[in-house]
2 protein chains.
Amino acid sequence: MDFNEAAVFVKVVQAGSFSAAARQLQLPTSTVSTRVARLEQRLGVTLLQRTTRRLHLTEAGNAYFEHAALGLGHMLEAEAAIDAARQEPQGKLKITAPADLGDSMLSGLVQQVQTQYPALEVELVLTERYVDLVAEGVDAAIRTGQLRDSSLIARPLGIACWAAFASHDYLAQAPALREPQDLNHHHCLQFSPMGRDAWTFRRGPSSITVPLKGNTMANSIGIVRNMALSGQGVALLPTYICKPGLVMGDLERVLPEWQAQADPVHLVYPRQRFMPPKLRVFLDIAQAELRPWFSDNA
Amino acid sequence: MDFNEAAVFVKVVQAGSFSAAARQLQLPTSTVSTRVARLEQRLGVTLLQRTTRRLHLTEAGNAYFEHAALGLGHMLEAEAAIDAARQEPQGKLKITAPADLGDSMLSGLVQQVQTQYPALEVELVLTERYVDLVAEGVDAAIRTGQLRDSSLIARPLGIACWAAFASHDYLAQAPALREPQDLNHHHCLQFSPMGRDAWTFRRGPSSITVPLKGNTMANSIGIVRNMALSGQGVALLPTYICKPGLVMGDLERVLPEWQAQADPVHLVYPRQRFMPPKLRVFLDIAQAELRPWFSDNA
DNA sequence: AATTACTTTTCATTTAATTGAACAATCATG
DNA sequence: CATGATTGTTCAATTAAATGAAAAGTAATT
């Protein structure tokens with residue numbers, strides 16, 4: 001089954017002659033002649049009755065032409081759809097990120113993408129679980145920690161540092177807090193993935209692990225942060241969601257010389273033969289938007 | 001633009017893998033792989049995201065697939081329409097014949113064709129003018145006289161003989177009619193294409209031309225025949241419409257040893273690469289039906 | 001954990017299609 | 001009426017595609 005023969009036949013009928021069709025298709029007349037003849041041979045019917053310099057569509061030829069012309073129309077629409085998608089980033093962009101990234105950061109990113117490219121739809125999927133990008137049709141992911149899938153392409157965004165924070169109100173009435181051990185006399189607000197039993201701090205080569213009572217714990221970083229803001233205690237939070245100037249960013253870093261975990265953050269996406277325009281523009285915007293959040297000098 | 005690449009791509013999506021598509025298309029996997037890759041190269045987009053043993057349609061791939069699958073559906077319908085037409089004679093059969101052929105003969109022929117092949121439609125075009133079969137989309141023609149288009153294929157049907165006829169009633173009260181010259185004393189009913197000024201008769205090597213008054217003349221052989229039946233005079237008519245046993249066939253041949261014009265009759269049709277089934281069956285039925293009308297011993 | 005089975009890709013060889021040139025036939029023009 | 005232009009077909013040379021075999025990687029089975 002050779003659909004290119006059908007395409008040539010349809011063009012011959014539309015053009016009214018082999019020669020005119022050859023000109024429009026930019027093919028030699030011998031190619032046009034041969035392809036139509038081959039189609040007739042394969043179908044076992046005369047599609048075009050030829051007298052010298054004149055063509056006439058047979059009844060069978062007309063029936064075939066009607067269906068084939070519709071078919072070709074759809075094929076051309078398929079190519080036009082691809083042409084349109086190649087020129088302008090469009091369609092749906094599906095991004096996954098850990099739940100503990102800040103709302104401000106992510107909502108800012110999505111806003112930037114859609115402001116610059118209104119034709120793009122964005123679906124943001126926040127989850128803790130590992131997402132197989134290819135299998136789940138996800139265009140890109142923001143990942144913290146060590147990467148484990150080497151088939152993906154990774155672009156580093158920076159380092160996510162975790163540190164201790166508390167509100168002014170809390171600190172004003174709480175005992176002094178100069179060393180990590182002092183946390184034994186404080187109410188510790190724990191984000192469960194960041195240590196259920198103890199917090200570990202580092203300063204240069206030194207490392208101190210402080211056992212915790214586990215009195216208050218949640219697996220939502222927003223909830224832990226809100227508790228800290230309301231003066232309930234000291235929380236271990238990533239520095240990127242506690243930056244000055246953020247709405248409700250009125251937390252004060254305590255034990256500033258000590259930092260807890262430090263994770264690399266990457267933007268990852270599947271290797272593929274052709275980079276979709278929507279992904280290319282997203283990667284550029286994401287790096288511009290996100291890198292400042294993960295820089296060391298905050 | 002290569003539609004065969006699109007066809008293979010559609011099949012890969014439908015089958016779920018290159019290997020399964022290759023089996024269904026009865027192509028090597030290398031052909032399937034190469035064609036899809038070539039399509040992606042030509043379009044400049046990734047249509048299928050491949051991980052080992054797994055395929056995933058991209059957004060662009062999905063858009064292309066939807067249009068292309070519709071297109072292929074129409075293409076397959078085109079081929080199915082041809083398959084159907086090739087197996088069973090169907091569609092419209094357009095036949096042309098001279099106006100002076102008998103109604104009984106032609107209506108008998110059409111009835112035979114449609115009894116044996118109910119799917120066939122028949123359009124009978126009676127005309128005096130020359131019909132360009134190819135240009136006018138006519139499948140076949142019944143022609144009398146010498147043929148002049150050598151590009152057509154001709155099947156001889158016999159000889160159409162013209163002779164003098166009159167009704168019993170007319171002959172009972174008319175003068176004797178033993179020689180062609182006796183026609184001077186008779187009312188001659190003329191069919192205008194068969195001589196407006198004179199009738200010529202032949203018997204063996206002898207030939208007599210009888211001048212006519214031109215009193216009664218019509219260009220419809222049916223009208224001339226009806227006038228003869230109603231006893232208005234002597235008419236020159238083709239022997240095939242005055243055969244005994246025909247409804248309203250009560251005409252008597254006069255001057256039986258003399259005959260007027262004798263024309264060969266042929267069935268003609270355009271030479272073409274493939275014989276449509278409808279034409280093939282028509283030709284067979286037409287020869288069986290018509291030859292007896294034009295045989296010499298009537 | 002090792003082996004087998006399956007998928008997709010790549011490459012050298014084989015096979016097939018394309019094309020330029022020539023030819024035959026008809027139409028348009030002078 | 002002769003000539004030139006155009007159409008469609010055919011064929012040998014050229015170009016391109018298809019394919020079998022091999023390779024790499026992963027999943028399923030023992």
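Here is how names work: the chains are called A, B, and so on, in the same order as the sequence lines, proteins then strands, and each is numbered from 1.
Between the CD atom of B:E123 and the OG1 atom of B:T96 there is a distance of 9.5 Å, given to the nearest 0.5 Å. Taking CG of B:L290 as the start and CG of B:L106 as the end, the distance is 7.5 Å to the nearest 0.5 Å. In this structure, A:L283 CG and A:K278 NZ are separated by 12.0 Å, a value rounded to the nearest 0.5 Å. Taken from NE2 in A:H74 to NE2 in B:H74, the straight-line distance is 3.5 Å, to the nearest 0.5 Å.
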> How does protein contact run along nucleotides 9-24 of chain C, one letter per nucleotide 5' to 3', with B for base contact, S for sugar-phosphate only, - for none, heavy atoms under 4.0 Å?
Replying inline: BB------SSBB----

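The CG atom of A:N4 sits 12 Å away from the C1' atom of D:dA17 (whole-angstrom rounding). Taking atom CD on A:Q49 and atom P on D:dT9, their separation rounds to 11 Å, with Å as the unit. The distance between atom CG of A:L55 and atom C1' of C:dT26, rounded to the nearest whole Å, is 14 Å.
The shortest distance between side-chain heavy atoms of B:M75 and B:F3 does not fall below 4.5 Å.
For B:D284, the CG atom is densely surrounded, since the number of other residues' heavy atoms within 6.0 Å is greater than 12.
Residues A:T46 and A:T58 bring no donor and acceptor atom of their side chains to less than 3.5 Å of each other.
Note on the helix from C:dA1-D:dT30 to C:dG30-D:dC1: angle between the axes of the first and last five pairs equals 30°, rounded to 10 degrees.
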>> Is there a side chain to side chain donor-acceptor pair (under 3.5 Å) between A:T29 and A:S19? Walk through the geometry before answering.
In response: CA-CA 6 Å; A:T29 51; A:S19 301; 5.8 Å; no

